[in-house]
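Computed from a predicted model, the values in this text were never measured in an experiment. Here is the naming used below: chain letters follow the sequence lines, and residue numbers restart at 1 for every chain.
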Protein chains: 2
Amino acid sequence: MAAGFTTNPTRSEQLLFLTDDQLRQGIELMYFAYRGFTADPDRILEEREYGRAHHRAIHFINRRPGLTVNELIDLLGVTKQSLNRVLRQLVEDGLVDSRVGVEDRRHRNLYLTEPGQALEQELSAAQRRRMRAAFSNAGPEAVAGFRKVLEQMIDPELRARVVGWLDRP
Amino acid sequence: MAAGFTTNPTRSEQLLFLTDDQLRQGIELMYFAYRGFTADPDRILEEREYGRAHHRAIHFINRRPGLTVNELIDLLGVTKQSLNRVLRQLVEDGLVDSRVGVEDRRHRNLYLTEPGQALEQELSAAQRRRMRAAFSNAGPEAVAGFRKVLEQMIDPELRARVVGWLDRP
DNA sequence: CTTGGAATGTCAACATCCCTGACATAAAGT
DNA sequence: ACTTTATGTCAGGGATGTTGACATTCCAAG
């Protein structure tokens, strides 16, 4: 069904990957793949009665130790009320440490505690396992294309804020 | 913690796309891209006070007119009760037609009505627009890689059921 | 033919998560 | 002193998911 690039592709044939049908396939792939993408962490979180919101908070606190509540709200695109419930639980459960800012005492700098880091490791290891399998089976060139397309799918405004962010260690 | 591939560069360099850091980037890309992927439909759905569950139902009913409730449950991976509330709303609002099966009267065959098809068009057109932009900016080779990786990310069990499904018109 | 189990679909009650709106507190800036 | 910023909290509502109970229909064993 795919590639009809046998002889001297005309201009219209070069754009065959932009047909509505190809786009629909991309849409459905995105949906099914995302379900797989979240499946493993979801199972781990369920045991602790946490949800994806907890996972996202833990992930980004691990990525940027000391980031403030507002910065996290910005990254996640949720309301402070929504995030606050999640953070309160994580702090109460001893997974996250919320310290008053030193320069600006209004800020709360967030850090993972030892148990918090342990959960983060468990979650990200599971997610990496699936991602590694997918990358490995698809090959390096496919991975490059995967990243190229996904980058373009991010909201332009968010992309500007997040680009360069991904590369930082 | 991340790549310790300092020695023996030949073989390990070929696997650099499998480092923990590359995988982490893939994970974050997947998260941010999915937010973009759902942003446009979400805005349209909000006006009608619908959610993503309604979108998914509408999408697959459009794709497979006449499919049964159970088939839809299988595709979406939700409980019948959860799906039922969504379907009831859509039927009440005149977007979906639920007809008693002719062979097996326990079945309900689902169809989009005229207004249902109109909403589906609106939703998928918005989603295609973003997908088309991403595909177009990334190029055909990138799109091929994108599809390859996403396919591999789908849960193996689900992939078996869905593969071949995507290609069908 | 009847009866009992299995498949299918529906309804009700409840939990979770995210949202908006309003308000409180503390600290920084002017 | 007054305003702005950052954060936290409470109240209420909507969307989505769950479990439990129940109705309908089909099918097959007795």
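The nearest heavy atom of DNA chain C to R85(B) and to Y50(A) marks one nucleotide each, and the one closer to the 5' end goes with R85(B). Sequence order on DNA chain C of the closest nucleotides to H54(A) and V102(A) puts H54(A) first from the 5' end.
Within the 4.5 Å cutoff, the side chain of R147(B) has heavy atoms near those of the L29(A) side chain.
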Identify all pairs in which a protein N or O lies below 3.5 Å from an N or O of nucleotides 10-12 of chain C, and state each distance.
unit_1, atom_1, unit_2, atom_2, d
dT10(C), OP2, N84(B), ND2, 2.8
dC11(C), OP2, R88(B), NH1, 3.0

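Here the P atom of nucleotide dT16(D) and the CG atom of D42(A) are 17 Å apart, to the nearest Å. Following rounding to the nearest Å, H55(A) (NE2) and dC17(C) (C1') show an atom-to-atom distance of 17 Å. In this entry the distance linking CD1 of I73(A) with P of dT9(D) reads 13 Å, nearest Å. Atom C1' of nucleotide dT9(D) and atom CD of E92(A) are separated by 13 Å, given to the nearest angstrom. Between the C1' atom of dA7(C) and the NE2 atom of H107(B) lies a distance of 8 Å, rounded to the nearest Å. Atom CD of Q89(B) and atom P of dG14(D) are 12 Å apart (whole Å). Distance, I58(B) CD1 to dA15(D) P: 14 Å, rounded to whole Å. Atom CG of L76(A) is separated from atom P of dC18(C) by 10 Å (rounded to the nearest Å).
The CD1 atom of I154(B) sits 11.0 Å away from atom OH of Y31(A), with the distance rounded to the nearest 0.5 Å.
At least one donor-acceptor pair under 3.5 Å links the side chain of R24(B) to the backbone N or O of L166(A). Of the possible donor and acceptor atoms, none in the side chain of R132(B) sits under 3.5 Å from a partner among the backbone N and O of L23(A). Of the possible donor and acceptor atoms, one in the side chain of R159(A) sits under 3.5 Å from a partner among the backbone N and O of Q152(A). Between the side chain of T113(B) and the backbone N or O of G94(B), at least one donor-acceptor pair lies under 3.5 Å.
Using a 4.0 Å heavy-atom cutoff across all strands shown, G77(A) reaches sugar-phosphate atoms only and no base atom. Heavy atoms of R99(B) sit nowhere under 4.0 angstrom from any nucleic acid atom. Among the heavy atoms of the strands lying under 4.0 Å from E103(A) are primed sugar atoms or P, OP1, OP2 only; no base atom is included.
Counting only heavy atoms from C-beta on, R56(A) has its side chain closest to dC18(C) among dC18(C), dT7(D), dT16(D). Of all nucleotides listed (dG9(C), dC19(C), dA28(C)), dG9(C) comes nearest to the side chain of T68(B).
Side chains of H55(A) and E120(A): no donor on one and acceptor on the other come within 3.5 Å. Side-chain atoms of R108(A) and T68(A) include no donor-acceptor pair closer than 3.5 Å.
Side-chain N/O atoms of R106(A) and base N/O atoms of dT5(D) include a donor-acceptor pair closer than 3.5 Å.
Within the structure, a side-chain polar atom (N or O) of S82(A) is placed less than 4.0 Å from OP1 or OP2 of dC19(C). One finds no side-chain N or O of N70(B) lying less than 4.0 angstrom from the OP1 or OP2 phosphate oxygen of dA7(C). Between dT18(D) and T79(B), a contact under 4.0 Å exists linking OP1 or OP2 to a side-chain N or O.
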